Amino acid sequence: MLTETKNKILIISPHPDDETLGCGGTILKHKDKGDEINWLIVTKMFEKHGWKKKEIFLRKKEIKNVSKQYKFKKVFELNLPASRLDEINISILIKKFVNVIKLSRPNTIYLPFSSDVHTDHQITYKAAKSCLKWFRHPYIKNALMYETVSETNFNFSTKNFFNPNRFIDITNQFEKKIKIMQLYKSEIKNHPFPRSKESIKAISLLRGSQSGYKFAEAFQTIFDRSDLK
């Protein structure tokens with residue numbers, strides 16, 4: 001359950017659409033509470049890396065439309081090459097994250113699961129985790145990992161699996177989450193493709209059944225330093 005105090009939220013997504021797949025309903029719930037929400041997009045498409053002009057143009061349009069729906073206070077775009085974060089010195093990424101954190105001063109950070117299949121997700125998590133030391137940024141009180149359909153659920157490891165311990169009721173936000181996800185015309189496709197309306201609904205129903213809600217989003221807590229109320 002979200003607390004009643006106003007918070008500053010930072011959503012870190014390796015790629016546009018991760019934020020909606022992983023915590024779209026929760027973002028909307030934070031917005032309903034009047035929380036300040038910022039979005040950090042780590043990667044970008046580039047022609048020199050094989051993306052077509054049409055794809056790049058569509059992605060820019062999707063980001064703009066999605067941002068309007070969530071009404072983020074600010075969208076930070078690092079513009080690092082998609083699917084190539086492993087070619088970048090992680091210290092560079094950490095410095096960029098630190099700059100965003102200093103500017104947004106979040107109380108709560110949402111970031112991708114540490115063992116997602118996509119390397120961009122793994123590296124994003126690793127770099128972000130390095131920025132969570134309390135003595136560097138004491139205003140950060142909570143850090144949670146979200147699950148991303150098509151990345152988290154394709155981790156077939158017998159050890160490093162997503163183990164949620166925080167559930168947020170998104171019953172009232174679910175339909176809008178789906179509508180926002182459908183703005184990603186380049187990403188959402190028909191079932192059984194993982195990023196489909198049916199798959200998103202299925203995982204939301206499953207998490208709801210685990211937590212006593214109709215629809216829910218699940219998170220794995222990295223740490224929680226919030227005071228008892």
Side-chain angles (χ1 to χ4, degrees), residues 1-41 61-73 75 106 108-113 116 118 121 142-155 161-221:
M1 183 176 180
L2 297 177
T3 60
E4 293 302 320
T5 55
K6 183 175 181 179
N7 289 306
K8 291 184 177 181
I9 313 299
L10 178 62
I11 313 294
I12 301 178
S13 57
H15 318 97
D17 85 340
D18 293 326
E19 82 297 330
T20 300
L21 289 170
C23 47
T26 300
I27 295 172
L28 293 168
K29 196 158 190 173
H30 276 297
K31 201 66 186 178
D32 290 343
K33 287 175 69 270
D35 290 339
E36 176 186 305
I37 310 187
N38 295 287
W39 184 20
L40 169 56
I41 306 170
K61 184 177 179 181
E62 290 170 346
I63 291 172
K64 183 177 180 180
N65 290 338
V66 168
S67 298
K68 285 182 178 180
Q69 290 298 312
Y70 286 125
K71 297 180 181 178
F72 294 115
K73 180 177 181 181
V75 178
T108 300
I109 294 181
Y110 294 94
L111 58 157
F113 178 53
D116 279 353
H118 202 306
H121 286 228
N142 301 281
L144 305 97
M145 294 184 288
Y146 56 80
E147 60 181 336
T148 308
V149 176
S150 78
E151 302 300 344
T152 309
N153 59 322
F154 275 84
N155 168 26
F161 57 91
F162 185 72
N163 186 26
N165 53 13
R166 178 87 179 269
F167 298 85
I168 294 179
D169 178 11
I170 63 162
T171 303
N172 294 331
Q173 293 79 24
F174 177 75
E175 290 301 328
K176 187 168 183 179
K177 169 177 175 167
I178 292 295
K179 289 180 180 178
I180 294 175
M181 188 60 210
Q182 288 175 324
L183 295 174
Y184 284 111
K185 299 184 185 300
S186 63
E187 296 297 333
I188 195 164
K189 298 180 182 178
N190 294 328
H191 187 71
F193 187 71
R195 292 189 296 276
S196 66
K197 180 178 178 179
E198 290 82 0
S199 293
I200 299 169
K201 183 175 183 178
I203 194 69
S204 300
L205 285 168
L206 172 64
R207 297 313 185 191
S209 72
Q210 290 178 300
S211 52
Y213 305 119
K214 183 175 180 180
F215 295 110
E217 287 174 339
F219 303 89
Q220 187 170 326
T221 302

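Being a predicted model, the structure only gives us computed values, none of them experimental.
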Measure across [X] and [Y] and return the closest heavy-atom pair with its distance rounded to 0.1 Å.
X: P164; Y: R207; value: CG-NH1, 3.7 Å
X: S196; Y: N190; value: CB-C, 4.0 Å
X: F162; Y: A218; value: CZ-O, 3.6 Å
X: S204; Y: I200; value: OG-O, 2.8 Å

Contact between [X] and [Y] at the side-chain level, heavy atoms closer than 4.5 Å - yes or no?
X: I170; Y: L28; value: no
X: F113; Y: Q220; value: yes
X: I41; Y: S13; value: yes
X: P112; Y: Y146; value: yes
X: K197; Y: M181; value: no

What distance separates [X] [atom1] from [Y] [atom2], expressed to the nearest 0.5 Å?
X: N7; Y: K33; atom1: CG; atom2: NZ; result: 5.5 Å
X: T26; Y: K177; atom1: OG1; atom2: NZ; result: 7.5 Å
X: Q69; Y: K31; atom1: CD; atom2: NZ; result: 12.0 Å
X: I63; Y: L183; atom1: CD1; atom2: CG; result: 12.0 Å
X: D116; Y: D18; atom1: CG; atom2: CG; result: 8.0 Å
X: Q173; Y: C23; atom1: CD; atom2: SG; result: 12.5 Å

Would you sort out whether H118 and T148 count as a side chain to side chain contact (heavy atoms under 4.5 Å, CB included), showing the intermediate values?
-> CA-CA 10 Å; H118 202 306; T148 308; over 6 Å; no
Decide yes or no on side chain to side chain contact (heavy atoms under 4.5 Å, CB included) for W39 and I27, but give the supporting numbers first.
-> CA-CA 10 Å; W39 184 20; I27 295 172; over 6 Å; no
Among Y70, Y110, F72, ring-ring contact (aromatic ring centres under 6.0 Å, His included) partner for H30 =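 One option only clears the test, and that one is Y110.
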How about R195 and S150: does a side-chain donor come under 3.5 Å of a side-chain acceptor?
-> yes
Taking everything shown except N163 itself, do over 12 heavy atoms lie less than 6.0 Å from its CG?
->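 Atom CG in N163 is crowded, with more than 12 foreign heavy atoms closer than 6.0 Å.
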Is it true that atom NZ of K201 has more than 12 heavy atoms of other residues, nucleotides or ligands lying nearer than 6.0 Å?
->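 It does not: K201 NZ has 12 such atoms or fewer within range.
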Are any side-chain N or O atoms of [X] and backbone N or O atoms of [Y], one a donor and one an acceptor, separated by less than 3.5 Å?
X: E147; Y: N153; value: no
X: D169; Y: Y213; value: no
X: E19; Y: D17; value: yes

Would you please test K73 and K8 for side chain to side chain contact (heavy atoms under 4.5 Å, CB included) and show each step?
-> CA-CA 10 Å; K73 180 177 181 181; K8 291 184 177 181; 5.9 Å; no
Step by step, would you call E62 with K185 a side chain to side chain contact (heavy atoms under 4.5 Å, CB included)?
-> CA-CA 8 Å; E62 290 170 346; K185 299 184 185 300; 4.1 Å; yes
Which pairs with one or both residues in residues 172-196 pass ring-ring contact (aromatic ring centres under 6.0 Å, His included), sequence neighbours excluded?
-> F174-F215
Kindly write out the residues that satisfy side chain to side chain donor-acceptor pair (under 3.5 Å) with Q182, not counting sequence neighbours, or none if the list is empty.
->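 Partners of Q182 under the side chain to side chain donor-acceptor pair (under 3.5 Å) test: none.
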